[in-house]
Amino acid sequence: MSLSLKIENVWKSYNREPVLKGCTYSFDKGGIYALMGQNGSGKSTLLRICSMIEKPDKGIVSYISAGNVLEQDISLKRKITLVLPTVGVFNDSVYRNVAYGLKIRGIPYKEIRERVCNILELVKLTHKKDQHALTLSSGETQRVGIARALIIKPEMLFLDEPTASVDTANTKIIEDVIPEMKSRGITIILTTHDQLQAKRLADQLLIVKDGKLING
Amino acid sequence: MEFLLISFSKAVSLVLGFDRELLHISLLSLKVSGLALIIATATGLPVAALLGLKKIPFRGLLVSIFNTLMGLPPVVVGLFVYLLLSRSGPLGFLGLLYTPSAMITAQTILSFPIIVSLCHAAIVGVDPVIRQASLTLGATEAQVAAAIIREARYGIMSGIIAGFGRVMAEIGAILIVGGNIAGYTRVMTTTIALETDKGNFELALALGIILLGLSLIINAVLHLVQKKGTIKR
Ligand SMILES: Nc1ncnc2c1ncn2[C@@H]1O[C@H](COP(=O)(O)OP(=O)(O)O)[C@@H](O)[C@H]1O
Ligand SMILES: [Mg+2]
């Protein structure tokens with residue numbers, strides 16, 4: 001059931017400037033991985049490639065389940081999600097933002113309502129349900145991003161700097177959600193600049209340096 | 001001065017008394033411009049979405065052509081549609097000249113580039129992160145497009161309202177192809193021109209008041225829509 005991810009010799013350039021120069025790694029199912037590295041080292045790029053919203057110039061990204069490499073179709077893509085560093089909430093209420101992933105999957109209205117309420121409780125945003133998402137603070141916006149991702153019950157979750165522009169109270173809420181997700185068997189790969197946070201949360205620390213992915 | 005005041009008060013009493021002719025002319029105006037806008041939106045919005053979301057060839061050129069056509073002089077559109085529909089024209093056999101259909105056709109042509117340009121601007125103005133966000137949440141290509149268009153909805157509505165305001169106030173095209181026939185193709189702007197010419201200022205002024213009122217309403221709605229669309233990001 002759970003997915004693992006294998007990347008082999010992944011290269012990516014922007015405007016002929018190489019960012020990733022041969023990244024290779026195997027992410028096992030159920031683990032929490034923290035990615036560190038300087039600004040501009042390519043962490044976000046790697047997450048976009050791993051989550052299949054961008055293609056590598058060279059190299060292989062494969063998702064494996066029960067020993068089989070899966071086809072990269074919409075059904076696989078719907079088991080994986082990435083919370084972008086800026087989240088990108090829709091010009092809509094918190095409720096509608098969180099419900100989005102279920103709506104596009106054709107889930108019945110009643111079930112959507114129930115699941116949105118549960119998830120909002122998990123990220124402690126129940127009282128913001130009807131507020132316009134664009135008027136939220138940055139900490140609340142991150143939590144909407146996480147709720148919007150979790151509601152689709154992903155098997156693999158990428159979090160790009162989930163606590164970068166977030167105060168300690170919000171960071172605590174977000175950090176508390178992560179072990180909860182692990183207990184559900186979700187594989188988590190997050191980026192952070194906070195070494196202590198990485199050690200607190202992750203089973204494995206990785207560093208993106210000179211376009212390569214190395215053990216930290 | 002006294003004459004002006006008398007005309008004005010007579011005009012006001014026409015408006016307040018829901019004068020039949022006045023009502024008929026105003027409703028025809030709304031009908032013609034409204035239908036033109038509906039047709040222009042039904043055809044223009046998909047074109048705008050295509051130009052804004054798909055990497056089609058000559059995209060930049062097409063966008064600048066539509067931008068240029070936005071400023072199309074109504075009389076030129078009127079002349080063009082007249083030539084098409086006149087008895088010796090290629091579509092003359094339809095017998096549409098001097099009918100409301102001809103007026104709707106002219107105003108559709110007039111508003112189409114406005115709708116395309118303004119809707120396109122609204123769609124390409126959507127933050128690229130919206131596309132990425134919907135992709136990460138498992139949207140198909142069509143669902144991504146829908147998410148972007150939905151995100152642009154206030155800009156799209158503004159474009160439609162702006163187009164409506166433009167054609168409602170327009171006279172050049174509608175006069176040439178409609179012929180200003182009493183009780184049939186006479187609309188607000190053409191009646192104002194005609195009645196002023198005849199020295200019948202009461203009806204002209206009364207229609208002017210209604211047109212002004214409509215334009216105020218249109219602008220108020222536009223303002224509301226734009227305000228809803230500009231919540232801090
Ligand atoms: N879409 C893009 N177009 C051009 N350059 C990009 C793009 N995305 C990333 N880059 C460049 O790639 C490098 C790595 O960026 P990023 O992956 O965001 O780094 P990090 O997340 O580690 O800070 C940076 O130099 C950045 O400017
Ligand atoms: Mg980054």
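In what follows, chains are A, B, ... by sequence order, proteins preceding strands, each numbered from 1. Since we're looking at a predicted model, the values are computed, not measured.
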Counting only heavy atoms not in [X], do more than 12 fall under 6.0 Å of its [atom1]?
| X | atom1 | answer |
| --- | --- | --- |
| A:Y109 | OH | no |
| A:E114 | CD | no |
| A:K182 | NZ | yes |
| A:Q38 | CD | no |
| A:H193 | NE2 | yes |
| A:R48 | CZ | yes |
| B:E141 | CD | no |
| B:F80 | CZ | no |

Please classify the contact of [X] with chain B as side chain, backbone, both or neither, using a heavy-atom distance under 4.5 Å.
| X | value |
| --- | --- |
| A:I74 | side chain |
| A:I80 | backbone |
| A:I104 | both |
| A:R148 | both |

Exercise for review: For each of A:E54, A:M52, A:R96, A:K77, tally heavy-atom pairs with chain B at distances under 4.5 Å, and name the one with the top tally.
Suggested key: A:R96
Check your understanding: Which distance, rounded to the nearest 0.5 Å, do you find between the CD1 of B:I148 and the CZ of A:F90?
Key -> 9.5 Å
Point to revise | Contact leader toward chain A among B:G138, B:P128, B:A146, B:A139, where contacts are heavy-atom pairs under 4.5 Å | key: B:G138
Practice item. Tell me, for B:R150 versus chain A, whether the close heavy atoms (under 4.5 Å) come from the side chain, the backbone, both or neither. Key: side chain
Check your understanding: Is A:T81 reaching over with its side chain to a backbone N or O of B:T136, donor-acceptor style, under 3.5 angstrom?
Key -> yes
Check your understanding: So do the side chains of A:R78 and B:T140 get within less than 4.5 Å of each other, counting heavy atoms only?
Key ->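 Answer yes - side chains close enough.
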**Study point:** Validation row: A:D92, B:R153 side chains within 4.5 angstrom (heavy atoms)
**Key:**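 A:D92 reaches B:R153 side chain to side chain.
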Review point. Do you know the tightest heavy-atom contact between A:V87 and B:A133?
Key: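 What the structure gives for the nearest pair is O-CB, 3.9 Å.
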Revision key, fill the gap. A:N91 and B:E151 have their tightest heavy-atom pair at N-OE2, 2.9 Å
